[in-house]
Amino acid sequence: MKSDSEVSQSRTPLYNSRIIHSYVQLARKKYPHINISELLARAGMTLHEVKDQGHWFTQEQVDFFYEELLRMTGNKNLARDAGRYSALPESIGAIRYYLYSFTGPAKFYEMIGSTFANFTRSIYSYSRHISANKVEIIVSPRSGIVEKPYHCESRKGFFEAVLNIFNNRMVNIEHPECVFSGGDVCRYLISWNKSPGDYFRLIRNYMLVIFPLVGLLSVLFLSGAQGLSVLSGLLVLLLATAFYGERFDNKHLSMAMQNLQESSEQLVDQIDINYNNTLVTREIGQVVNRHTNMEEVLSAIIDILQIRLDYDRGMIMLCDPEKKRLRFAAGFGYNEKQYQFLKNIEFHLDKPDSRGVFVLSFRQQKPFLINDLNDIEDSLSRRSIAFARQMGTISFICSPVICDNESLGVLAVDNVRSKRTLMHSDLSLLVGISNIVGISLRHTQHLEAREKQLQSVVQVMVSTIDARDSVTKGHSEWVAEYATGICEELELDKDYREVVRVSALLHDYGKIGIPDTLLKKKDRLTTNEYEYIKCHAEKTIEILRQMNFEGKMQQVPDIAGGHHEKIDGTGYPRGLSGDEIPLGARIIAVADNFEALTASRYYNKQLPPSQAMQMLIENIDTFFDGRVVNAFIRYYQRTYPGYHTETVRNENGGKNFAKLG
């Protein structure tokens, strides 16, 4: 029975996928009859995890994989062969990121400790320089970790083969102390023969010392011709050794520079990917600052995913409020036919026996990475398989969109054109993005709920005003409609249009404190009565300020209460003039006057729209802002082309337009 520490070790990720990748490539090359996918599955691994350089496997997984592969191949030297294979050009992959940064084997072996840390978390390793062509490497297991002998053999194979990168030099490995033979550590003494360039440099260096001495002796003991011949021969030999030494050095340096360039380019690519992924999360987080409704937020998120991520297609599916259905909400990369198909399909969340991947991801709050749909076809529902076939999907990733431990939907991506293999790093990235999306969507839901609540309150307030008088019923809605039309003509932003609309709906709310005897009086008001009615503007401001509007809506009280201000400063309640009057108040002033003039009142008869417009024009720069009046006229002409009409208020507060004969 395993101890607690052994169980913990067996479940701790210790070995990078690049180690298993070497075994997989070796098996495919030398043992093509072995079903690698099946072997990996039995070991609890997948091929995309093996290809993913950021994935790590446990001791239990690696041990099982090795023992099964050893049994299937019958190769007692399997571990050493895999170690050698990991340093071959066709297998080196990410390892060369480290090797090619060095210009010689001595430097590489000196740095082997830090290099090993990128492939295994089970050991400590360090090296010691002994001579120009000899190093000592010591490997010791970490506390609580128990390696197997094949790990040692694999390291020997790696040490042997690594010199192939450096002009195929012969290597000799001594292993005087081994953990698996009772030693405290694994000690490796690695030496290698020198390259031709090394020998040429050595000869050149000796000749540089000998040449002056021989030259001096030639002058002293040989005749002029003989001395010259000796010196010439030595000079030619010196130049030849220097030339060939330099040639070998340049060849080696050229190879190192080429490999370093390749590694640098790949590193830059990876940095670019990481930077891009960081931008995704930041930009999605900023979406809610720019948009307040769900449709806009979803559209913005999808645009970010399409631009920033390396996937051909992607979509977000959201559940309904009752959590009974999962429906398509937004997506990218699909053709028109596929979009129509997605918009009409839904997945049942209320069926306990549903086995669809999207449904399972939503319910279990678990991501899925499928690199070959055919491998899991038996575990899927017929409907899910039909859906995948319809969309042309073979491999995909789906991740639940979660916020506060509640599933909101599913985010899914796939590749159909690029055929790029989806990896565990893709899955990790998508899970992180899904969480950010969940937070953004939940925040948007809260904003929409608050917006609906505000609209409900506003509508109730408007209804209380309308309920007081059937004659003026609908006045606020018409003023709001006209004011919104003016905002559109002035091309004001969407948020400010909403501020003006709400202000227009509530612009007369202060009249709730005015007695009916004054509001419904048919005779001319006295001076005192008129002054009292004028108080409704200030009352509107006072009442609306108690509603605690937030954000841009904080402008509502002043805009609503300022619609009786006049450009020349003769208005009320505060006698503001020109640009002192909020733009929204100037807009509502025009809309309110036009609506009042074209509707029946206790104190006057309605006017035709054309006559009411003329009165607006005549009062430009005294009562009204000319830019606003012109915008209203453009809006009205565009909206009501036959505006030369009589206007009659119907019993429900609406207006019937009949063209004058």
Okay, side chain of [X], backbone of [Y]: is any donor-acceptor separation there less than 3.5 Å?
| X | Y | value |
| --- | --- | --- |
| R313 | V416 | no |
| H443 | S440 | no |
| S456 | K452 | yes |
| Y339 | G331 | yes |
| S361 | V357 | no |
| N335 | Q338 | yes |
| E565 | L576 | yes |
| N593 | A589 | yes |
| D592 | I588 | no |
| H536 | I533 | yes |

Has [X] got more than 12 heavy atoms of other residues, nucleotides or ligands less than 6.0 Å from its [atom1]?
| X | atom1 | value |
| --- | --- | --- |
| Q614 | CD | yes |
| E322 | CD | yes |
| N344 | CG | yes |

| message | Using the ring centroid of each side chain, check whether H507 and H564 are separated by less than 6.0 Å. | response |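 No.
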
To the nearest 0.5 Å, how far apart are [atom1] in [X] and [atom2] in [Y]?
| X | Y | atom1 | atom2 | answer |
| --- | --- | --- | --- | --- |
| R327 | M317 | CZ | CE | 9.5 Å |
| I316 | F332 | CD1 | CZ | 9.5 Å |
| L298 | N293 | CG | CG | 9.0 Å |
| N619 | D621 | CG | CG | 10.5 Å |
| F396 | F368 | CZ | CZ | 9.0 Å |
| Y482 | E595 | OH | CD | 6.0 Å |

| query | Do T570 and D568 have a side chain donor and acceptor closer than 3.5 Å? | reply |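 D568 and T570 do have a side-chain donor-acceptor pair below 3.5 Å.
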
| Distance-only donor-acceptor check, side chains Q455 and Q459, under 3.5 Å |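 Q455 vs Q459: no donor-acceptor pair found between side chains.
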
| query | Knowing that exactly one of V628, I486, V590, I617 qualifies, which makes a side-chain contact (heavy atoms from CB on, under 4.5 Å) with I633? | reply |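 Of all the options given, the one that passes is I617.
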
Is there side-chain contact between [X] and [Y], with at least one heavy-atom pair below 4.5 Å?
| X | Y | answer |
| --- | --- | --- |
| S399 | K366 | no |
| D508 | T540 | no |
| I465 | I512 | no |
| I370 | D414 | no |
| N528 | Y532 | no |
| E498 | L454 | no |
| E49 | L369 | no |
| Y496 | I559 | yes |

| said: Strictly below 4.0 Å, N to O, side chains only: are R638 and E489 in salt-bridge contact? | reply: yes

| query | Are E531 and K534 within salt-bridge range, i.e. N to O under 4.0 Å? | reply |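 Looking at K534 together with E531, the answer is yes, because their closest N to O distance falls below 4.0 Å.
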
| said: As a quick check of understanding, evaluate side chain to side chain contact (heavy atoms under 4.5 Å, CB included) for E296 and K494, giving each step before the final call. | reply: CA-CA 12 Å; E296 291 179 349; K494 187 176 180 181; 3.0 Å; yes

How close do [X] and [Y] get, counting heavy atoms only, and between which atoms?
| X | Y | result |
| --- | --- | --- |
| E477 | L505 | CA-CD2, 4.0 Å |
| G626 | I620 | CA-CG2, 3.5 Å |
| L441 | V401 | CD1-CG1, 4.2 Å |
| A483 | A591 | N-CB, 3.9 Å |
| G584 | V500 | CA-CG2, 3.9 Å |
| C398 | F358 | CB-CE2, 3.8 Å |

Taking only distance into account, with no hydrogens and no angle test, what donor-acceptor pairs under 3.5 Å do side-chain atoms of residues 404-413 form with protein atoms, sequence neighbours excluded?
| unit_1 | atom_1 | unit_2 | atom_2 | d |
| --- | --- | --- | --- | --- |
| E406 | OE1 | R442 | NH2 | 2.8 |
| E406 | OE2 | K323 | NZ | 3.0 |
| S407 | OG | F362 | O | 2.8 |
| S407 | OG | Q365 | NE2 | 3.2 |

| message | Walk me through whether I301 and V297 qualify under side chain to side chain contact (heavy atoms under 4.5 Å, CB included). | response | CA-CA 6 Å; I301 290 174; V297 168; 3.8 Å; yes

| task | Kindly determine whether L544 and M461 satisfy side chain to side chain contact (heavy atoms under 4.5 Å, CB included), including the steps that lead there. | result | CA-CA 11 Å; L544 295 185; M461 295 174 71; 3.9 Å; yes

| By ring pair (Phe, Tyr, Trp, His ring centres under 6.0 Å) - contacts of F624 (at least two apart) |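 Here no residue qualifies.
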
| request: Return each pair, listed once, that meets side-chain hydrogen bond (donor to acceptor under 3.5 Å, both in side chains) where at least one residue sits in residues 546-559; pairs must be two or more places apart or across chains. | output: R450-E550, R545-D558

| request: Please test Y311 against L422 for side chain to side chain contact (heavy atoms under 4.5 Å, CB included), starting from the C-alpha separation and ending with a verdict. | output: CA-CA 9 Å; Y311 304 112; L422 299 174; 3.7 Å; yes

